[in-house]
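Please read the structure below before turning to the comments.
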Amino acid sequence: MATILVSALRGETPSNILIYGKTGTGKTASAKFVSKELESTSRKYEVPCEVEYINCEVTDTQYRVLAQLANTFIEKNRAHAEERIAELESVRDGGDAVDTGFDSTAAVGDRIEALEDELAEMEPVPMTGWPTDRVYSTFFDAVDHHERVVVIMLDEIDKLVEKSGDDTLYNLSRMNSDLVNSRISIMGISNDLKFTDFLDPRVKSSLGEEEIVFPPYDANQLRDILQHRAEVAFKPAALTDDVIPLCAAFAAQEHGDARRALDLLRTAGELAERGQADTVGEEHVRKAQDKIELDRVVEVVRTLPTQSKIVLFAIILLENNGVHSINTGEVFNIYKRLCDEIDADVLTQRRVTDLISELDMLGIVNAVVVSKGRYGRTKEISLSVPIGETKAVLLSDSRLGSVEDAEPFVQARFDS
DNA sequence: CCTCCACCGGAACGTGAGGAGT
DNA sequence: ACTCCTCACGTTCCGGTGGAGG
């Protein structure tokens, strides 16, 4: 990354960079580090060079990206102009301490006035209301205000493309040909290796001038990272020897996510503390693993759409009644009953099979298509999350809460 | 070897919500 | 305020199918 970006220090335009890697592989951290270094070095050598960070998960439309960029540059230009005015004023008032390149004090006065006019014209872009092209040209003028190299860092760029297409990227990558004073370069950070498939070929080729892939960490690397952090976070000897390797191993299974590894270690620590243990041991890590997984499931289930919740509830009821092999037909029957009970729309079986597949994808249930010969072909469904907690989460939903009364009624179905 | 169950899952289409342009 | 577009969610229709049992 640094070797690509150094050209900015020579006043050249760095190639656009695309960075790929799964979550928790250090893409953002590395990119931020490098850009900080770049900015500080550029100050040292007095080469104008700036890095702008934008997280596209938050700022996910073309308008917002442009507006945010425009505003930060307007702000910078303001500061720049104010500084310059102050500098010139001191020259005007205090004699010729600094060589400004102006031959008369009148010229200095004119320059100050010009700068003040400029300052007055710098109007920030409102959050909403302007046509996109006006925001674009405002941004354009703000960037082109004076000579500099600008690196725009777009984190989670795949989210931006997914939500609002590649127009933003197209416009940004095309800007260089019209800019007079400044140069911009784009640094895209993506979780998704295949996101360029959705891009216009022109954007794709200009954006992907340089590509960097961050491979997932392996268990050894994770162990190093954890070791490092643990020295800061824990008192010496607070961790038993197998804690860190175990955390590393668990996280390595989950695609080498460092964030996950750190989460695990932290949660293990918290659990040990809560249990008033003197040291963090292997069992705390295992508990932490379970807890994190449970939290994830609870969150997923809680935010499920109502229809999916009803379907899931139907599956839980069947499971509760010890039904040998749950298949789509039965789920659908119970589901219909539940819908009647809570006065919800009844979807078709076709749709319900899709919902079941979605639950499968989320890892909440496990669905396998099996053929039972003479007795047809169906999905065999089993729950793959703790039944008690899941049920509790479902019942806490305002629409499903009332279903508790319906339960014996559904159970009666099995008796008959 | 054939049949036929009970559902799978693709395709095309309908609908309403929300965003963008005008 | 209006139109146009896209998207998520659903529906309808229907061809497809693995394998137990005849």
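We find that CG of Leu304(A) is positioned 14 Å from C1' of dC9(C), with the value rounded to whole Å. In this structure, Asp354(A) atom CG and dA11(B) atom C1' are separated by 13 Å, rounded to whole Å. Rounded to an integer number of Å, the gap from Phe332(A) CZ to dG10(C) C1' is 13 Å. Following rounding to the nearest Å, Lys379(A) (NZ) and dG18(C) (C1') show an atom-to-atom distance of 15 Å. For the pair Asp345(A) CG and dT15(B) C1', the interatomic distance rounds to 13 Å; values are reported in whole Å. Atoms CD (Gln349(A)) and P (dT12(C)) sit 13 Å apart, rounded to a whole Å. Counting to the nearest Å, the C1' atom of dC13(B) and the CZ atom of Arg351(A) are 15 Å from each other. Computed from coordinates, the Asn327(A) CG to dG9(B) P distance equals 14 Å when rounded to whole Å.
Residues Ser308(A) and Leu304(A) come closest through the heavy atom pair CB-CG, 3.8 Å.
Under the side-chain contact (heavy atoms from CB on, under 4.5 Å) test applied with Ile184(A), the options Leu179(A), Thr13(A), Asp144(A), Asn16(A) reduce to a single match, Leu179(A).
Taking only side-chain nitrogens and oxygens, Thr348(A) never comes nearer than 4.0 Å to OP1 or OP2 of dG10(C).
When atom types are taken as modelled, the side chain of Ser206(A) and the backbone of Ser173(A) share no donor-acceptor pair closer than 3.5 angstrom.
A donor and an acceptor atom, one from each side chain of Thr28(A) and Asp155(A), are located under 3.5 Å apart. Under the 3.5 Å distance criterion, with hydrogens and angles disregarded, a donor-acceptor pair is assigned to the side chains of Lys372(A) and Ser325(A).
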What pairs of nitrogen or oxygen atoms, one from the protein and one from nucleotides 18-22 of chain B, lie under 3.5 Å apart?
| unit_1 | atom_1 | unit_2 | atom_2 | d |
| --- | --- | --- | --- | --- |
| dG21(B) | OP2 | Thr132(A) | OG1 | 3.4 |

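Rounded to the nearest 0.5 Å, atoms CD1 (Ile356(A)) and CZ (Phe332(A)) are 10.0 Å apart.
For DNA chain B, the neighbouring residues in residues 364-377 of chain A, judged by any heavy atom under 4.0 Å, are Val369(A), Gly373(A), Arg374(A), Tyr375(A), Gly376(A), Arg377(A).
In the set dC7(B), dC8(B), dG9(B), dG9(B) carries the atom at the smallest distance from any side-chain atom of Arg350(A).
A 4.5 Å side-chain heavy-atom check between Ile334(A) and Phe313(A) finds every atom pair outside the cut-off.
Annotation: cation-pi pair Lys27(A)/Tyr20(A) absent, no NZ/CZ under 6.0 Å from the ring centroid and within 45° of its normal.
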Please test Arg302(A) against Glu299(A) for salt bridge (charged side-chain N to carboxylate O under 4.0 Å, His left out), starting from the C-alpha separation and ending with a verdict. CA-CA 5 Å; Arg302(A) 202 175 55 78; Glu299(A) 187 54 25; 3.1 Å; yes
